[in-house]
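Here the structure is laid out as structure tokens; the discussion comes afterwards.
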Amino acid sequence: MLPLARPDVRALEASRIRDIANAGMHDPDVLAFWFGEPDQVTPAFIRDAAAASLARGETFYAQNLGIPELRQAIAGYVSALHAPVGADEIVVTASGMSALMITVEALVSPGDRVVVVTPLWPNLTEIPKILGANVECVPLAFGASGWTLDVDRLLDALTPDTRVLLLNSPNNPTGWTIDRASQQALLAHCARHGIWIVADDVYERLHYAGAARAAPSLLEFADRDARVVSTNSFSKAWLMTGWRLGWIVAPRALVPDLGKLVEYNTSCSPVFVQRGGVVALRDGEPTVVATRARLRHARDRLVAALRTLPRVEVAPPAGAMYAFFRIDGMTDSVAFCKALVHQAKLGLAPGRAFGPEGEGFVRWCFAASDERLDEGVARLAHFLEARCNA
């Protein structure tokens, strides 16, 4: 017998984003927009805080739930942004990805039913499958005004035998953002049936509609003992992708068990990384505001340029950092993106990576300079023209 992983793991789909990136990461001539990562380095004041921690010799284990200073800082940040929470409702994790994994580990058993809204970052759809759960997808619809959710269809899918709703808003890859009325309807429905809601809120500060500081959050409506968990990350808004630092806001009764899972996954986040997080929350609001303004500008520039191309259908996303656009006549987004890499030296993510509902689309991370975006559009235009004339 071959030494293989268990069936649930073997059945997981490998990331098609990585599949495309692996085809071009070795080539310095490729303009890469395939990963969801800002192209700017972490601000110096955050890096300096981590360096000072290292200089002090803070290289030992920390508390499972995070150092008290960071838990308090996160609680203060969330309270000011949404609604009052205490430090005893906060769990610090080694990345937003870890926050999601640990939360789902705490709530989902083999055979459980989990509902997700798609297209969706593949990590979210695959996490429940690692644990042996059954995943049902409720698709968004694409139209002239962008991506929309049929709330009644989602409510119908949330049957009493559902264990968890996984909800990512603003959404990766579409930028779709749920409104407050829909959140309230979902919260009431899930409360009636005892369904947990796990919100992936990593893009909440990258929200471009109106003057609000953040996208609508379930934390604004939910009782503190409700079956609602919010996961978040320092990666995007504070330009800290490589730091691998995130957090969970959870009911107090759930926190001790989440602490156990932190122990059995990563034990703790490094103290010097957490020191960077403390300073990011304390002094980093100008960074967040500037990042959102820069990305709004990049979004508008890219969408306007893409709209000049034949066969391209695109709408400005309400949030996140991606243009997720349809190319008329393209039926195999993986093959299309591989051809883009090899023939046009342009790296985009295939829509199929985000579920079957994403086929026919590609994702472009617009967290980049004007010059890179303009050159990328020029390469895509030449590629499409060549295919039309072939």
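Side-chain atoms of E313 and R307, non-hydrogen and from C-beta on, never get closer than 4.5 Å to each other. Between H193 and L158, the closest side-chain pair of non-hydrogen atoms is not below 4.5 Å. At least one side-chain heavy atom of F45 sits under 4.5 Å from a side-chain heavy atom of T287. Looking only at side-chain heavy atoms (C-beta outward), F35 and C365 stay at 4.5 Å or farther from each other. Using a 4.5 Å heavy-atom cutoff, the side chains of I74 and E69 are not in contact. Between D179 and P216 there is no side-chain heavy-atom pair separated by less than 4.5 Å. Side-chain atoms of T177 and H207, non-hydrogen and from C-beta on, do get closer than 4.5 Å to each other. Considering only heavy atoms from C-beta on, L65 comes within 4.5 Å of R71 through its side chain.
Salt bridge present: R180 and E220 bring a charged side-chain N and a carboxylate O closer than 4.0 Å. With salt bridges taken as basic N to acidic carboxylate O contacts below 4.0 Å, none links K345 and D29. Ion pairing of R153 with D156 is absent here, as no side-chain N (NZ or NE/NH1/NH2) approaches a carboxylate O to less than 4.0 Å. Taking a cutoff of 4.0 Å between a charged side-chain nitrogen and a carboxylate oxygen, R252 and D225 do not qualify as a salt bridge. Using a 4.0 Å cut-off between charged side-chain N and carboxylate O, E285 and R205 make a salt bridge. Between K129 and E126 there is a salt bridge, since at least one side-chain N of the basic residue sits less than 4.0 Å from a carboxylate O of the acidic one. D332 and R352 are not joined by a salt bridge, as no carboxylate oxygen comes within less than 4.0 angstrom of a charged side-chain nitrogen.
Expressed to the nearest 0.5 Å, how far CG of L167 lies from SG of C190 amounts to 9.0 Å. Here CD1 of I195 is found 8.0 Å from CG of D161. Values are rounded to the nearest 0.5 Å. One distance of note links OG of S95 with CG of L100; it measures 8.5 Å at 0.5 Å rounding. In this structure, I248 CD1 and D201 CG are separated by 12.0 Å, a value rounded to the nearest 0.5 Å.
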Evaluate D370 against R294 for salt bridge (Lys or Arg N to Asp or Glu O under 4.0 Å), listing each step before the verdict. CA-CA 10 Å; D370 289 354; R294 178 177 184 252; over 6 Å; no

Should R47 and T42 be marked as a side chain to side chain donor-acceptor pair (under 3.5 Å) after you check the CA-CA gap, both sets of side-chain angles, and the distance that decides it? CA-CA 7 Å; R47 290 182 277 130; T42 304; 5.6 Å; no

For a salt bridge (Lys or Arg N to Asp or Glu O under 4.0 Å) check, start with the C-alpha distance between D19 and R16, then their side-chain angles and the critical distance, and finish with the verdict. CA-CA 5 Å; D19 186 28; R16 289 183 171 89; over 6 Å; no

Does the pair L166 and V117 meet the rule for a side chain to side chain contact (heavy atoms under 4.5 Å, CB included), with working shown? CA-CA 7 Å; L166 282 173; V117 175; over 6 Å; no

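Taking the six-membered ring wherever Trp is involved, the centroid distance between the rings of F325 and F142 does not fall below 6.0 Å. Between F361 and W147, the gap from one ring centroid to the other is short of 6.0 Å. Taking the six-membered ring wherever Trp is involved, the centroid distance between the rings of W238 and Y77 falls below 6.0 Å.
Each of V334 and F336 belongs to its own hydrophobic cluster when Ile, Leu, Val, Met, Phe, Trp and Tyr are linked at side-chain heavy-atom distances under 4.5 angstrom. Under the 4.5 Å side-chain heavy-atom criterion for ILVMFWY residues, no single connected hydrophobic cluster contains both L140 and W364. Both L373 and V314 belong to a single network of hydrophobic side chains, linked directly or stepwise wherever heavy atoms of I, L, V, M, F, W or Y lie under 4.5 Å apart. Under the 4.5 Å side-chain heavy-atom criterion for Ile, Leu, Val, Met, Phe, Trp and Tyr, F383 and W34 are members of distinct hydrophobic clusters. Taken together through direct or relayed side-chain contacts under 4.5 Å among Ile, Leu, Val, Met, Phe, Trp and Tyr, I17 and L120 form parts of separate hydrophobic clusters.
The heavy-atom pair separating A237 from T291 by the smallest distance is O-OG1, 3.7 Å. Pairing each heavy atom of Q274 with each of S269, the nearest pair is NE2-O, 2.8 Å. In terms of heavy atoms, I20 sits closest to P350 at CG1-CD, 3.5 Å. When all heavy atoms are compared, the tightest approach of C337 to A349 is SG-C, 3.8 Å.
Within 6.0 Å of NE2 on H297 lie more than 12 heavy atoms contributed by other residues, nucleotides or ligands.
Cation-pi geometry between R372 and F33 is met: under 6.0 angstrom from the ring centre, within 45 degrees of the axis. Judged by a 6.0 Å distance limit and a 45° cone about the ring axis, R363 is positioned over the six-membered ring of Y322.
Ring geometry for F324 versus F354: interplanar angle over 60°, hence perpendicular rather than tilted (30 to 60°).
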